[in-house]
Amino acid sequence: MDTMINRKMFADVMVPNYSPSQMIPVKGVGSRVWDQAGKEYIDFAGGIAVNALGHCHPEIVKTLKQQGQTLWHLSNVWTNEPALTLAQQLCDATFAEQILFANSGAEANEAALKLARIYAKQHFSRDKTNIIAFVNSFHGRTLFTVTAGGQAKYTEGFEPLPGDITHLPFNDLAALNAHISEKTCAVIVEPIQGEGGIIRAQPAFLEGLRTLCSQHNALLIFDEIQTGMGRTGELFAYQGYNVTPDILTSAKALGAGFPIAAMLTTREIAASFTVGTHGSTYGGNPLACAVASKALELINNPTLLEGVKQRQQLFANGLQQLNNKIGLFQDIRAEGLLVGCELKQTWHGRARDLLTLAEEQGVLILTAGPNVVRLTPSLIIPYPDISNGLKQLAQAMLAMKVGY
Ligand code: PLP
């Protein structure tokens, strides 16, 4: 432990756009994490739906080491074997025919929105520019994606914002029907709103989006940055809905902890990104692609995906039982291993307090807004870690109830 490095430094050397917890994790194995003082935690946070295979998965570590001794980076002046392999795997596993790599979810969505605009101009008309997004959605923090996101608090102060983006209520097909027109170039949606509080799109809503987009020559973009890569028990959530988008974005768990993102689409749509129209220095980097290729191979496996559904039941039942006794939550929403527990009115605004109390008890959890506690553990979290972590969470819930 390097005692010279401590949490107090954060205020001195880091831009204050975050307020991290007081302890600094220094080591992780599977679903366990240790802090500087050696205290052990069970990890129900999973790096916010990133560490799909837990911390330091041996096969991922092996792949990273191998690629690290082979080839790190080239730029897009040359392609590389890991990028081609990963692109082929993604095409084989989904509706997609062509892939664009990026480094973060926001960048993948930025690419998707740019592609939708240029595709509409090339194929239809110059004023087919309107993008429809949904209230409470989250699509990243670049100026374009944060504007597409439906949470005003994230755009305040950054005006002027990119134009011609409309926000409609989520799960309201009538509102979409009333607004969509020949001017609409794309509809972007999270099949399950993650940051917005784990709110599932109704199947009829997504089916309706598909029909209306097709009728109006608008591209349907599924942001699966949080819901993809096995999180819901399907490789991608759209596969459970049986609604196929035109563009899908993936990030977070795609690299199992190594930064990488992808935009998946059809050959016909991809053709609008001609040489020079879009790019990224690191997009398709061999290190990232090699790791993601191994992660995809491990996650796209029926046994692992079935395990997600079993673990979902353990979380859903376990949390329900705790709540029957303690009564903190008004709703528990488990969508695979994307779990949201909405606090009752009395505790509104206190999700972050529960996170702090849980950490004291030795379990790491997340929030999704001020009123929802979110769990996004590893997809292979061991069963005893689930039961033990829930016991620790119960202690935190009790502490909150008796008046933290
Ligand atoms: N889209 C969704 C649905 C997300 O949950 C996130 C991140 O939380 C993003 C986009 C942005 O991804 P990134 O933080 O990698 O830019």
Side-chain angles (χ1 to χ4, degrees), residues 15 17-18 20 45-52 100-116 131 133-151 153-155 158 162 165 167 170-171 186-201 206 209 220-232 234 236-238 241 245 247-264 280 282-283 285 288 291-292 295 333 335-340 351 365-369 372-377:
V15 171
N17 61 320
Y18 290 116
I48 319 189
V50 166
N51 301 329
L100 177 125
F101 291 118
N103 312 294
S104 67
E107 282 177 61
N109 282 336
E110 181 89 16
L113 297 171
K114 283 177 72 181
L115 180 58
I131 292 166
F134 296 97
V135 174
N136 222 20
S137 62
F138 185 83
H139 298 298
R141 300 290 198 126
T142 64
L143 203 55
F144 201 177
T145 57
V146 86
T147 308
Q151 303 188 46
K153 64 182 180 202
Y154 293 134
T155 50
F158 297 115
I165 300 177
H167 293 100
F170 189 59
N171 272 329
V187 175
I188 183 166
V189 66
E190 295 164 86
I192 301 162
Q193 290 189 333
E195 302 298 308
I198 323 299
I199 316 285
R200 181 183 166 78
L206 293 188
L209 290 192
L220 180 58
I221 304 170
F222 273 13
D223 176 345
E224 292 236 27
I225 285 156
Q226 192 151 163
T227 56
M229 292 298 289
R231 182 61 44 195
T232 63
E234 310 285 340
F236 288 100
Y238 86 88
Y241 278 99
I247 302 178
L248 181 150
T249 51
S250 175
K252 286 192 181 277
L254 180 61
F258 201 99
I260 180 170
M263 185 195 73
L264 287 65
S280 149
Y282 280 117
N285 164 281
V291 169
R333 304 185 277 269
E335 305 291 349
L337 286 175
L338 187 53
V339 182
I365 62 170
L366 301 166
T367 61
V372 177
V373 166
R374 175 173 37 158
L375 313 178
T376 58

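Whatever order the structure lists them in is the order used to number ligands and atoms, beginning at 1.
Residue-level proximity to ligand 1 for Glu190 is carried by the side chain, the only part with a heavy atom below 4.0 angstrom. Neither the backbone nor the side chain of Arg141 has any atom closer than 4.0 Å to an atom of ligand 1 (non-hydrogen atoms only). Contacts with ligand 1 closer than 4.0 Å are made by side-chain heavy atoms of Asn109 only, the backbone lying farther away.
Under a 4.0 Å criterion applied to the non-hydrogen atoms of Ser104, ligand 1 contributes the atoms 15 (O), 16 (O). Taking every non-hydrogen atom of Gly105 and a distance limit under 4.0 Å, the qualifying atoms of ligand 1 come out as 12 (O), 13 (P), 15 (O), 16 (O). For ligand 1, the atoms lying closer than 4.0 Å to a non-hydrogen atom of Gln226 are 5 (O). Against a heavy-atom cut-off of under 4.0 Å, Asp223 is close to the following atoms of ligand 1: 1 (N), 2 (C), 3 (C), 10 (C).
Judged by distance alone, the side chain of Glu335 and the main-chain N or O of Ile198 form no donor-acceptor pair under 3.5 Å.
Note on ligand 1: Lys252 sits in its first shell, one or more heavy atoms being nearer than 4.0 Å.
Protein non-hydrogen atoms do not reach within 4.0 Å of atom 14 (O) of ligand 1.
The shortest N or O to N or O distance between Ala106 and ligand 1 is below 3.5 Å. Between His139 and ligand 1, no N or O atom pair is found at a separation short of 3.5 Å. Taking distance alone, with nitrogen or oxygen atoms compared against 3.5 Å, Glu107 stays at or beyond that limit from ligand 1.
More than 12 heavy atoms of other residues, nucleotides or ligands shown are found within 6.0 angstrom of OH on Tyr154.
The salt bridge (charged side-chain N to carboxylate O under 4.0 Å, His left out) test applied to Arg374 returns Glu195, not counting sequence neighbours.
Nearest heavy-atom pair across Ala108 and Thr249 is O-CG2, 3.5 Å.
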